[in-house]
Novice: 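Please see the structure below; I have some questions.
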Amino acid sequence: MPELPEVEGVVNALKPQVTGKTIKQVKISETVYHSHSLGKQTIIKGSLPDLLADALMDMRIEAVERRSKYIYFHVMKASNSYILVNHLGMSGAWFYVTHRDEITEAKFHRHIHVELLLDDGHWLIYSDIRRFGELRLIQQLSDYPPLLALAPEPFDQDAKAYFLKACELRKFKDKEIKAVIMDSHALCGCGNIYATEALFRMKINPGRKTSQLSGVEKEQLFETIVAVLTESIAFGGSSISDYRNINGEAGSMQNRLQMYGMNICPMCYTNTTQKIIAGRNSYYCPNCQK
DNA sequence: CGCATCCTCCGGTTGC
DNA sequence: TGCAACCGGAGGATG
């Protein structure tokens, strides 16, 4: 499940391979067509598959950017600019290959949904096992308002102040701190894995109410999240379940995680506790995290 | 109009 | 060996 560091890795791998390339052919899977015929917006959002395919034809990819856990492909066609917005969901993955059979992992090969032929002869392929991902073509961010509501990038100057202010809002202050740091309207890019790790490093119980943290704790927690995200980017992200970068490589941050998925606390050897917070399984050490 | 509470989307994985 | 339950980002509908 890709979080900010994993998406960062994907974007950094995509950049040199697709920047400046033009889309010359678009293929969309029968599965996507079929779901759309039933009225669902499977993977392709805000458009019918054929309309998206037509629109993408002859578009030139000007730049690739990560924003929160989204990938923005900045594209141009006939002097009009657009953004192809992509979210990998639980299991989305991009591949840059000369033939789709180069995708050797069966579960990725079996769930190829969008194939873009570039003018360098390579295929840029989107595979998505569970189809939770998203592709949406817009002209500007305001065409899809949820993108305007995202908190600043955690590495931006104003992100910490934005987060601290969000903690004071009525809708956040009485929530569990873990739910708040995983909410992209308070702080973006932090999912279950890195929220779990940051809270463990800070020795904060994920179930504590946000208003019960001191100002210093909230500030240090924010800094710890940034540190964990930064460390993960440096180690290529965490390859848990379906995450691969576009070269099919796995990251190594999963080997550095101290609490996510652990049954025993690495600090005190107490059995860890699992609790559902904000709908997601949360590991913590009942002894270390208060 | 704020907010809280479901609901939805999926197939690989897990557990019985 | 088979099969049902389970899991999860995040927007959207509902109350």
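Please read all numbers here as calculations on a predicted model, not as lab measurements. Reminder, nothing fancy here: chain letters follow the sequence lines and each chain counts from 1.
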Novice: Please answer whether dC10(B) and F132(A) are stacked, defined here as ring centres separated by less than 5.5 Å and planes angled under 30°.
Specialist: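 Whether judged by distance or by angle, F132(A) falls short somewhere, so it does not stack on the base of dC10(B).
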
Novice: Output the rounded distance in Å from CD (E134(A)) to C1' (dG9(C)).
Specialist: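 E134(A) atom CD is separated from dG9(C) atom C1' by 10 Å.
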
Novice: Under 4.0 Å, counting only non-hydrogen atoms across every strand here, what does S184(A) touch: a base, just sugar-phosphate, or nothing?
Specialist: nothing

Novice: So, OP1 or OP2 of dG11(C): does either fall under 4.0 Å of a side-chain N or O from Y70(A)?
Specialist: yes

Novice: What is the distance, rounded to the nearest whole Å, between atom CZ of R130(A) and atom P of dC6(C)?
Specialist: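 Rounded to the whole Å, the gap is 16 Å.
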
Novice: Looking at every strand, decide which applies to N281(A) at a 4.0 Å heavy-atom threshold: base, sugar-phosphate, or nothing.
Specialist: sugar-phosphate

Novice: Give one of base, sugar-phosphate or nothing for G191(A), where a contact means two heavy atoms less than 4.0 Å apart.
Specialist: nothing

Novice: Using a distance-only test with no angle check, is there a side-chain donor-acceptor pair under 3.5 angstrom linking K173(A) and T210(A)?
Specialist: no

Novice: Can you find a pair of side-chain heavy atoms, one from W94(A) and one from N86(A), that are under 4.5 Å apart?
Specialist: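 Touching, per the 4.5 Å side-chain cut-off.
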
Novice: Can you tell me which nucleotide in dC9(B), dG11(B), dG11(C) comes closest to the side chain of P146(A)?
Specialist: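 Minimum distance to the P146(A) side chain belongs to dG11(C).
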
Novice: Rounded to the nearest Å, what distance is computed from the CG atom of residue N192(A) to the C1' atom of nucleotide dA10(C)?
Specialist: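 The distance from CG of N192(A) to C1' of dA10(C) comes to 14 Å, rounded to the nearest Å.
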
Novice: Indicate, with a heavy-atom threshold strictly under 4.0 Å, whether F172(A) touches base, sugar-phosphate, or nothing.
Specialist: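 Answer is nothing: F172(A) stays at 4.0 Å or more from every strand.
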
Novice: Let me know the distance between CD1 of I276(A) and C1' of dC6(B), rounded to the nearest Å.
Specialist: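 Between C1' of dC6(B) and CD1 of I276(A): 16 Å.
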
Novice: Check whether any side-chain heavy atom of F200(A) lies under 4.5 Å from a side-chain heavy atom of Q289(A), and answer yes or no.
Specialist: yes

Novice: Quick one: I193(A) CD1 to dC7(C) P, roughly how many Å, whole number?
Specialist: 16 Å

Novice: For the pair made of CG in L88(A) and C1' in dG9(C), what is the distance, rounded to whole Å?
Specialist: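 So the CG-C1' distance, L88(A) to dG9(C), works out to 11 Å.
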
Novice: Below the 4.0 Å mark, does dG11(B) have OP1 or OP2 next to a side-chain nitrogen or oxygen of H111(A)?
Specialist: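 For dG11(B), OP1/OP2 do not have a side-chain N/O of H111(A) under 4.0 Å.
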
Novice: Is the shortest side-chain N/O distance from R170(A) to OP1 or OP2 of dA4(B) below 4.0 Å?
Specialist: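 Answer is no, no contact under 4.0 Å.
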
Novice: Strictly below 4.0 Å: does K69(A) bring a side-chain N or O up to OP1 or OP2 of dA10(C)?
Specialist: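 For K69(A), the contact criterion (side-chain N or O under 4.0 Å from OP1 or OP2 of dA10(C)) is met.
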
Novice: Would you say a side-chain N or O of T42(A) is under 4.0 Å from OP1 or OP2 of dC10(B)?
Specialist: yes

Novice: Using the side chain to side chain contact (heavy atoms under 4.5 Å, CB included) definition, which of the options I23(A), V18(A), T22(A), I125(A) pairs with L116(A)?
Specialist: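 With L116(A) as partner, I23(A), V18(A), T22(A), I125(A) yield a single side chain to side chain contact (heavy atoms under 4.5 Å, CB included), made by I23(A).
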
Novice: dT13(B), OP1 or OP2 - any side-chain N/O from K107(A) closer than 4.0 Å?
Specialist: yes

Novice: Is the H87(A) to Y70(A) ring centre distance short of 6.0 Å?
Specialist: yes

Novice: Less than 4.5 Å apart, any side-chain heavy atom of K15(A) and any of E65(A)?
Specialist: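 Sidechains of E65(A) and K15(A): no contact.
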
Novice: Heavy atoms under 4.0 Å, any strand shown: does R110(A) hit a base, just sugar-phosphate, or nothing?
Specialist: sugar-phosphate

Novice: For the pair made of NZ in K175(A) and P in dC3(B), what is the distance, rounded to whole Å?
Specialist: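 Value for this atom pair: 10 Å.
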
Novice: Give the rounded distance in Å between these two atoms: NE2 of H113(A) and P of dG11(B).
Specialist: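 Roughly 8 Å, once rounded to whole Å.
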
